[in-house]
Colleague: 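Just dropping this structure here.
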Amino acid sequence: LDPSLDMWDFSSLISLWINRFYIYLGFAFGFSLWICFQIVIRKQGFATVLAEAVSSLDLPVAVINLKEYDPDDHLVEEVTSKNVSAFLVATYTDGRPTESAEWFCRWLEEAANDFRFGKTYLKGVRYAVFGLGNSAYVNHFNKVGKNVDKWLWMLGAHRVMSRGDGDCNVVKSKHGSIEADFTAWKARFISRLQALCKGERKPCGGNCKKGKCESNQHGSEAMEPGSHAQEGFHQRDAEQEEPFGSTSEEESGTEDHQSLKSVIDVEDLGKIMDRMKKEKREKERQEGETSLIRSTVKSEAGERRAMITPALREALTKQGESPQELLACANKCVFCWRHHTNPVGTEWRWKMDQAEMILKEAIENHQNVMKQLEVFIERFEEGMTVKHCALSLVGEPIMYPEINRFLKLLHERKISSFLVTNAQFPAEIRNLKPVTQLYVSVDASTKESLKKIDRPLFKDFWQRFLDSLKALAAKQQRTVYRLTLVKAWNVDELQAYAKLVSLGNPDFIEVKGVTYCGESSASSLTMANVPWHEEVVRFVCELVDLIPDYEIACEHEHSNCLLIAHKKFKIGREWWTWIDYSRFQELIQEYEDSGGSKTFSAKDYMAKTPHWALFGASERGFDPKDTRYQRKNKSKDISGC
């Protein structure tokens with residue numbers, strides 16, 4: 001024997017033993033990937049098998065990949081349809097959904113936990129869920145299926161039958177294999193469809209003894225608090241234990257209100273009735289509040305639902321706002337100063353007030369506010385005449401179908417127009433008529449950070465964002481990028497910001513530190529995320545170095561804000577970043593008189609910038625005539641780049 005060979009074998013064995021943990025880990029990882037792959041393949045096969053079984057009942061059926069399914073458009077449509085939606089979803093590594101289901105699950109989770117949607121948002125949707133997983137992973141077994149079932153239920157949808165749990169673990173699988181689990185669930189699903197077609201309501205899921213369903217007592221199909229059968233006793237509250245395995249239709253019947261006790265004590269009857277009445281009032285209130293969200297469904301009179309309900313109107317009044325401003329938005333930004341009390345949506349779904357009425361009441365409300373103030377008579381007279389209109393402090397004004405009509409009314413009254421959009425509606429930007437100044441919120445410069453900060457509702461939000469910036473480049477009037485800096489969120493992406501500037505070629509870039517609006521369950525922001533003015537200045541200086549056609553023009557330290565302007569607004573050595581409003585009104589009138597053929601540019605109505613507003617001025621953006629102008633630490637120099 002070769003001694004060296006023996007030594008090599010011995011050394012190899014020792015090495016293998018020392019590194020055994022990594023070898024085990026590699027095998028485990030490979031096995032996990034194989035399981036996940038098998039689950040995904042089986043899910044696709046199961047969907048086809050289920051579709052064939054439904055087709056055998058002469059019922060129309062469609063198999064849809066969740067990657068191609070937009071819940072904003074399609075899921076809400078199911079509210080008024082008579083369809084039954086069967087969701088076959090797999091649980092991937094660490095309890096995550098598969099890539100094709102990520103967006104759908106994210107949308108569903110956010111909607112279920114967003115109080116603006118409410119508990120009746122999907123009322124009318126009928127569904128069933130079959131989850132695919134492996135019980136060997138105890139902590140994550142069928143987590144996606146359970147969550148989808150839970151979130152649909154929280155939004156008011158109705159199960160037509162209890163959830164099915166397919167298990168790849170043949171040792172613990174209820175029917176011996178995941179295929180057998182699916183076959184058993186499919187048989188019950190088909191039976192339930194047949195019953196629904198006949199207009200029946202089955203009292204239970206089968207295996208009944210003397211009118212009491214075993215499925216209400218055993219296994220994953222056990223009825224839990226919160227199900228339809230117990231609506232008379234418990235509020236349908238998402239904070240309570242959700243009936244993951246119970247049903248909304250299949251297991252409810254003549255004995256619905258006997259699921260907690262077969263006999264009710266007379267002395268408890270009054271308490272139960274009070275609880276039922278209280279729940280009914282709460283349900284009616286919730287339905288009223290959620291009408292501002294689920295407004296694709298028209299009322300019996302054929303009208304769309306109101307965007308602002310009485311409850312929301314009262315909340316806005318307490319916030320000191322008159323509800324004439326548009327409130328709906330397609331984003332749920334982390335720094336939203338409304339703390340997400342406004343409705344959300346990707347299209348106009350509400351009753352529409354006429355532009356004339358909106359303007360009339362907005363002016364009246366403004367004047368009513370002025371009458372409550374104690375001001376000098378000359379200031380009062382000046383304040384009673386509306387000269388400027390900001391669209392909008394919250395929401396997405398460009399969604400309003402009559403926005404161009406509203407702009408025209410403003411200009412006819414010699415009121416300037418400042419419109420802000422969140423860059424999710426490129427077509428509407430292209431179709432927008434001239435405004436005094438058009439802002440686009442550029443809250444981040446990469447797809448990942450924009451998704452994190454703005455939390456947009458659109459699935460194609462990034463492409464919409466880029467297309468909106470391109471549409472902005474074609475506008476001839478004043479255009480502005482509005483950057484809100486959130487420390488630790490979006491201040492380290494200078495190169496990416498520079499690329500976005502070249503895409504939209506704005507006239508101005510307004511950079512402002514985020515304003516902390518207090519603690520909110522809708523956002524994790526704190527005062528630590530608010531940058532100091534010095535930090536905003538530093539960011540702006542570094543950004544300007546990357547965009548040679550721009551320079552820093554103005555500063556307003558009190559607002560923690562700086563203005564970057566295109567060099568075309570620097571005539572000689574003087575900045576002309578301000579607006580000649582009288583000239584703008586002349587130009588917009590000529591535009592209207594010509595039927596839109598006579599256009600004009602931003603330089604046609606520019607005005608010279610006063611010295612005190614310039615970057616580096618000792619006033620730091622304060623008008624010396626302003627009574628708030630008080631300089632402290634005048635020797636402090638933060639203006640140099």
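As the structure is a prediction and not an experimental result, all values here were calculated from the model.
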Colleague: Compare every heavy atom of L543 with every heavy atom of I564, then report the nearest pair and how far apart it is.
Modeller: CD1-CD2, 4.0 Å
Colleague: How many angstroms lie between atom OG1 of T446 and atom CD of Q495, to the nearest 0.5 angstrom?
Modeller: 13.5 Å
Colleague: Find out whether Y605 and Q477 are in side-chain contact, i.e. whether some heavy atom of one side chain is under 4.5 Å from a heavy atom of the other.
Modeller: yes
Colleague: Report yes or no: do T421 and E396 form a side-chain donor-acceptor pair below 3.5 Å?
Modeller: yes
Colleague: Between Y481 (side chain) and G504 (backbone), is there a donor-acceptor pair under 3.5 Å?
Modeller: yes
Colleague: Working to the nearest 0.5 angstrom, can you tell me the gap between Q354 CD and L409 CG?
Modeller: 10.5 Å
Colleague: Tabulate below the donor-acceptor pairs under 3.5 Å that side-chain atoms of residues 426-433 make, not counting sequence neighbours, or state none.
Modeller:
from : atom 1 : to   : atom 2 : distance (Å)
N431 : ND2    : A427 : O      : 3.1

Colleague: To the nearest 0.5 Å, what is the distance between CG (D460) and CH2 (W103)?
Modeller: 8.5 Å
Colleague: Taking 4.0 angstrom as the limit, do R583 and E586 come out as a salt bridge?
Modeller: yes
Colleague: Answer yes when K67 and E102 have at least one side-chain N-carboxylate O distance shorter than 4.0 Å, and no when they do not.
Modeller: no
Colleague: Evaluate the side-chain proximity of L438 to V480: yes if any heavy-atom separation is below 4.5 Å, no if none is.
Modeller: no
Colleague: What do the steps show when you test V514 against L485 for side chain to side chain contact (heavy atoms under 4.5 Å, CB included), and what is the final call?
Modeller: CA-CA 6 Å; V514 68; L485 298 186; over 6 Å; no
Colleague: Could you tell me whether D604 atom CG has more than 12 heavy atoms of other residues or ligands within 6.0 Å of it?
Modeller: yes
Colleague: Got a salt bridge between K570 and E574, using NZ or NE/NH1/NH2 to carboxylate O under 4.0 Å?
Modeller: no
Colleague: Can you check side chain to side chain contact (heavy atoms under 4.5 Å, CB included) on F615 and L562, steps first, answer last?
Modeller: CA-CA 8 Å; F615 176 61; L562 284 90; 3.5 Å; yes
Colleague: Which pair of heavy atoms, one from A444 and one from Y497, lies closest together, and at what distance?
Modeller: CA-OH, 3.6 Å
Colleague: To check you understand the geometry: which heavy-atom pair defines the closest contact between K608 and W576, and what is its length?
Modeller: N-CE3, 3.2 Å
Colleague: Between E542 and R538, does the salt bridge (charged side-chain N to carboxylate O under 4.0 Å, His left out) criterion hold? Intermediate values first, please.
Modeller: CA-CA 6 Å; E542 293 175 358; R538 188 180 308 115; 5.4 Å; no
Colleague: Can you tell me how far apart CZ (R106) and CG (L108) are? Round to the nearest 0.5 Å.
Modeller: 12.5 Å
Colleague: Using a distance-only test with no angle check, is there a side-chain donor-acceptor pair under 3.5 angstrom linking Q463 and D467?
Modeller: yes
Colleague: Classify the side-chain pair H533/E555 by whether it contains a donor and acceptor separated by less than 3.5 Å.
Modeller: yes
Colleague: Could you measure the distance from the CZ atom of F104 to the CG atom of N65? Nearest 0.5 Å is fine.
Modeller: 12.0 Å
Colleague: Quick one: side chain to side chain contact (heavy atoms under 4.5 Å, CB included) partners of N368, sequence neighbours excluded?
Modeller: N365, K371
Colleague: For the residue pair H411 and F584, categorise the inter-ring angle as parallel (less than 30°), tilted (30 to 60°) or perpendicular (more than 60°).
Modeller: perpendicular
Colleague: Just by distance, with hydrogens left out, do Q476 and S601 show a side-chain donor and acceptor under 3.5 Å apart?
Modeller: no
Colleague: Are any of the side-chain nitrogens in E590 or K598 under 4.0 Å away from the carboxylate oxygens of its partner?
Modeller: yes
Colleague: Does E412, at its CD atom, have more than 12 non-hydrogen atoms belonging to other residues, nucleotides or ligands within less than 6.0 Å?
Modeller: yes
Colleague: Determine whether the aromatic ring centres of F465 and W462 lie less than 6.0 Å apart.
Modeller: yes
Colleague: Does any non-hydrogen side-chain atom of V530 lie less than 4.5 Å from one of M527?
Modeller: yes
Colleague: Is a side-chain donor or acceptor of S597 paired with a backbone partner of S594 at a separation under 3.5 angstrom?
Modeller: yes
Colleague: Check R405 against A355 and note the closest heavy-atom contact, atom names and distance.
Modeller: CG-CB, 3.8 Å
Colleague: Would you say the side-chain atoms of E535 pair up with the backbone N or O of W532, donor to acceptor, closer than 3.5 Å?
Modeller: yes
Colleague: Determine whether the aromatic ring centres of residues H388 and Y581 are separated by less than 6.0 angstrom.
Modeller: yes
Colleague: Indicate the atoms forming the closest heavy-atom contact of E510 with Y439, along with that distance.
Modeller: OE1-CE2, 3.7 Å
Colleague: For a 4.5 angstrom cut-off between non-hydrogen side-chain atoms, does L546 reach V501?
Modeller: no
Colleague: Measure the shortest side-chain to side-chain distance between F539 and V511 over non-hydrogen atoms and say whether it is less than 4.5 angstrom.
Modeller: yes
Colleague: Tell me, do I571 and M606 make a side-chain contact under 4.5 Å, heavy atoms counted?
Modeller: yes
Colleague: Taking T436 for its side chain and S417 for its backbone only, find out whether a donor-acceptor pair lies under 3.5 Å.
Modeller: yes
Colleague: Go through the structure and list residues passing side chain to side chain contact (heavy atoms under 4.5 Å, CB included) with S582, not counting sequence neighbours.
Modeller: D580
Colleague: Is there a donor-acceptor pair under 3.5 Å between the side chain of R464 and the backbone N or O of Q424?
Modeller: yes
Colleague: Within the side chain of N560, is there an N or O that forms a donor-acceptor pair under 3.5 Å with the backbone of K512?
Modeller: no
Colleague: Take E109 and N113 through the side-chain hydrogen bond (donor to acceptor under 3.5 Å, both in side chains) test and state the conclusion after the steps.
Modeller: CA-CA 6 Å; E109 180 182 16; N113 292 288; 4.7 Å; no
Colleague: Could you tell me the separation between the CG atom of L614 and the OG1 atom of T577, rounded to the nearest 0.5 Å?
Modeller: 7.5 Å
Colleague: Using 4.0 Å as the upper bound for N to carboxylate O, is an ion pair formed by K568 and D507?
Modeller: yes
Colleague: Are any non-hydrogen side-chain atoms of L469 and V442 less than 4.5 angstrom apart?
Modeller: yes
Colleague: Y400 and I358: side chain to side chain contact (heavy atoms under 4.5 Å, CB included), yes or no, with the steps?
Modeller: CA-CA 12 Å; Y400 177 50; I358 295 175; 3.5 Å; yes
Colleague: Indicate the atoms forming the closest heavy-atom contact of T484 with N490, along with that distance.
Modeller: O-ND2, 2.8 Å
Colleague: Side chain of S441, backbone of D443: donor and acceptor closer than 3.5 Å?
Modeller: no
Colleague: Quick one: does Q437's side chain have a donor or acceptor within less than 3.5 Å of a partner on R478's backbone?
Modeller: no
Colleague: Measuring only between side-chain heavy atoms, which start at C-beta, is I588 closer than 4.5 Å to P434?
Modeller: yes
Colleague: Would you sort out whether C554 and T609 count as a side chain to side chain contact (heavy atoms under 4.5 Å, CB included), showing the intermediate values?
Modeller: CA-CA 9 Å; C554 302; T609 310; 3.7 Å; yes
